[in-house]
Amino acid sequence: GAVVSQHPSWVICKSGTSVKIECRSLDFQATTMFWYRQFPKQSLMLMATSNEGSKATYEQGVEKDKFLINHASLTLSTLTVTSAHPEDSSFYICSADSGALSEQFFGPGTRLTVL
Amino acid sequence: GENVEQHPSTLSVQEGDSAVIKCTYSDSASNYFPWYKQELGKGPQLIIDIRSNVGEKKDQRIAVTLNKTAKHFSLHITETQPEDSAVYFCAATGNQFYFGTGTSLTVIP
């Protein structure tokens, strides 16, 4: 149980294009999902907290107009990197709160490369 | 906010030996302490967790200890195997997850 999937697992795009990443909780409903960014050999950096049916809460320094988050259902949250640039290249990981006493379950991550 | 420190950043052990990774936290309100294993190119995987009302928890070769007074918790892996090689992250959480900086564990066959 408690499986979280992400799609795509790897994406390469040209500078200036937008990329959408999906995060799904497969066997449970997640009222809260989280989006993280991870640079090589570094820890996870929380970007935003996504609550179903409401606007996401962004961490300081994260541009909400650049990283659009939609949490339209209890099993799906999407992150759209708009007008991507090479510096947006990173490993993006989502997690879902199972609701059971703070436990978070992570997706497998999405490797974004912007050329 | 919470501040989680993790040591060491890298750790190499011989197969069969034990590995210990330590984390400290600053916010006494934190009450949930998970440990994650992350293999290259993959998302973190929860391997064990402990809550503030428990001092120790064990699951086969993996154990976690928590000292609330000193605000530190540790991951213990016994009889290490090459497949244990990965990056391990601790986290402390109350309302939000705060991750440690990670420990790259290498188990030498």
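The chains referred to below are lettered A, B, ... by the order of the sequence lines, with proteins before strands, and numbering in each begins at 1.
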Sorted by number, residues from residues 36-47 of chain A in contact with chain B (heavy atoms, under 4.5 Å): A:Tyr36, A:Gln38, A:Gln42, A:Ser43, A:Leu44, A:Leu46

Any side-chain donor near an acceptor of the partner, A:Thr78 and A:Glu22, under 3.5 Å: no

Separation of B:Lys37 NZ from B:Leu46 CG (nearest 0.5 Å): 12.5 Å

Exercise: do A:Thr32 and A:Asn51 side chains pair donor with acceptor under 3.5 Å: yes

Pair B:Phe33 + B:Phe73: ring centers closer than 6.0 Å: yes

Heavy-atom contact with chain A under 4.5 Å, split by part of B:Tyr98: neither

Ring pair (Phe, Tyr, Trp, His ring centres under 6.0 Å) pairs, two or more places apart, involving residues 57-97 of chain A: none

Heavy-atom proximity to chain A below 4.5 Å, by part of B:Gln6: neither

Aromatic contact, A:Phe34 with A:Phe106 (centres under 6.0 Å): no

Heavy-atom pairs under 4.5 Å with chain A, option from B:Ser9, B:Gly102, B:Ser104, B:Gly41 with the top count: B:Gly41

Side chain, backbone, both or neither of B:Pro34 within contact of chain A (heavy atoms, under 4.5 Å): neither

Distance-only donor-acceptor check, side chains A:Trp35 and A:Ser77, under 3.5 Å: yes

Between A:Thr110 and A:Gln6, a side-chain donor and acceptor under 3.5 Å: yes

